[in-house]
Amino acid sequence: MPLTAVIDFETTGISPGCGDRATEVAIVLLEGGRVVDRFQSLMNAGVRIPSFITQLTGITNAMVAGAPDAAQVMTQASRFVGDAPLVAHNAAFDRKFWQAELDRAGLAAPQPFICTLLLSRRLYPQAPNHKLGSLVDFHGLPRTGQAHRALADAEMAVELLGQIQHDLRTRHRVASPDHALLMALQRCAKSAVGALMARHAST
DNA sequence: TGCCAGGCCCTCTTTAGGGCCTT
């Protein structure tokens, strides 16, 4: 059964290119849609956390000061993920920090990313918006833990991914909504979603 | 010097502009 790793970063800002760093990472490992393991850690990147980020996430400078070094955490995270595809909400954001933090640790980042934001825009155009929390509420999915903490947000992305795969099976009659189909769906134009679903629908 | 994201997607578009989404 192929593994899937759902990831979420908390960071000091939005751009590693402008010096922003990760402060926390959480990864939920799925096998056949079931949670089989979890990884979560604060990390100390040696940079100060802006006060508005602390207000947003609850993560303080004191908390990361007592956390393991960022390179040490990323080495553990990389081993935990292995070569499993990574899933994130707005994956462009988490991919930037995954690549930047692994690069700083001297590690490769070969994993492909699947984006629940892109998938939701294609599958749920009727949603009020496509923020992670809004989509969780839109589908009536459970919220666990504190929002804007890495593990709680990763768990919400797990629930959303499960809803996406459920809807592909039941509403679009896709027998096997595997990584390849999800990658194809997030890449295809919105106008081509119907044709893609038709090609993968079981008869 | 001063400023600083960036990919996706829609539309009053396509020789562009602006909102969304992540922290």
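The sequence lines fix the lettering, A, B, ..., with proteins before strands; numbering per chain opens at 1. Any value given below was found using the heavy atoms of this structure, including those in side chains, with hydrogens, waters and symmetry copies removed.
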S.K.: C1' atom, B/dA5 versus B/dC12: distance in rounded Å?
M.R.: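 Pairwise C1' distance, B/dA5 against B/dC12, rounds to 27 Å.
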S.K.: Between B/dC3 and B/dC9, how far apart are the C1' atoms? Round to whole Å, please.
M.R.: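 Going atom to atom, C1' in each nucleotide, I get 26 Å.
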S.K.: Determine the Euclidean distance between corresponding P atoms of B/dT13 and B/dG19; express it in Å to zero decimal places.
M.R.: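 Going atom to atom, P in each nucleotide, I get 15 Å.
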S.K.: Taking the side chain from A/D8 and the backbone from A/A154, do they hold a donor-acceptor pair closer than 3.5 Å?
M.R.: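 No; judged by distance alone, with no hydrogens or angles, the pair does not exist.
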S.K.: How long is the line joining CZ of A/F9 and P of B/dT23, in whole Å?
M.R.: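 For the pair A/F9 CZ and B/dT23 P, the rounded distance is 12 Å.
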S.K.: Suppose you measure atom C1' in B/dC21 against the same atom in B/dT15; what distance do you get, rounded to whole Å?
M.R.: 28 Å
S.K.: Rounded to the Å, how far apart are A/M156 CE and B/dC21 P?
M.R.: 14 Å
S.K.: Report the distance from atom CZ of A/F52 to atom P of B/dT22, rounded to the nearest whole Å.
M.R.: 15 Å
S.K.: Measuring only the P atom in each nucleotide, how far is B/dT1 from B/dG18? A whole number of Å is fine.
M.R.: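 Rounded to whole Å, the distance is 29 Å.
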S.K.: Between A/F80 and A/F39, how do the two ring planes meet: parallel, tilted or perpendicular, split at 30° and 60°?
M.R.: tilted
S.K.: Considering only the P atoms, how many Å lie between B/dC4 and B/dC8, rounded to the nearest integer?
M.R.: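 After rounding to an integer number of Å, I get 23 Å for this pair.
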S.K.: Strictly under 4.0 angstrom, non-hydrogen atoms only: write out the protein contact profile of nucleotides 1-8 of chain B, one letter per nucleotide from the 5' end, B, S or -.
M.R.: ----B--B
S.K.: Rounding to an integer number of Å, can you tell me how far A/D94 CG sits from B/dT23 P?
M.R.: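 After rounding, the reported distance stands at 7 Å.
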S.K.: Do A/E24 and A/M43 come close enough that some side-chain heavy atom pair is under 4.5 Å?
M.R.: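 When only atoms from C-beta onward are counted, A/M43 and A/E24 do not touch, as no gap falls below 4.5 Å.
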S.K.: Should the pair A/E155-A/R38 be classified as a salt bridge under the 4.0 Å nitrogen-to-oxygen rule?
M.R.: yes
S.K.: Answer yes or no: is there a donor N or O on one side and an acceptor on the other, between the side chain of A/N44 and the main chain of A/D69, under 3.5 Å?
M.R.: no
S.K.: For A/T57 and A/R187, find the nucleotide of DNA chain B closest to each by heavy atoms; which residue's nucleotide sits nearer the 5' end?
M.R.: A/R187
S.K.: Starting from P on B/dT23, measure out to CD on A/E24 and report it in whole angstrom.
M.R.: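 So the CD-P distance, A/E24 to B/dT23, works out to 11 Å.
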S.K.: Considering every strand and a 4.0 Å limit on heavy-atom distances, what is the contact class for A/D20: base, sugar-phosphate, or nothing?
M.R.: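 The answer is nothing, as A/D20 stays clear of every strand by at least 4.0 Å.
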S.K.: Whole angstrom is fine here: how far is it from CG in A/L135 over to C1' in B/dC21?
M.R.: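 Spelled out: CG on A/L135 to C1' on B/dC21 is 11 Å.
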S.K.: So do A/H89 and A/V6 actually touch side chain to side chain, heavy atoms under 4.5 Å?
M.R.: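 A side-chain contact is absent here, since even the closest heavy-atom pair is not under 4.5 Å.
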S.K.: Please determine if a side-chain N or O atom of A/H89 lies less than 4.0 Å away from the OP1 or OP2 oxygen of B/dC21.
M.R.: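 No, because none of the side-chain N or O atoms of A/H89 sits under 4.0 Å from OP1 or OP2 of B/dC21.
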S.K.: Please report the distance, rounded to the nearest Å, between NE2 in A/H148 and P in B/dC21.
M.R.: 13 Å
S.K.: Check the side chains of A/T11 and A/D20 for a donor-acceptor pair under 3.5 angstrom, ignoring hydrogens and angles.
M.R.: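 Side chains of A/D20 and A/T11: no pair found under 3.5 Å.
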S.K.: Starting at NE2 of A/H130 and ending at C1' of B/dC20, how long is that distance when rounded to a whole Å?
M.R.: 10 Å
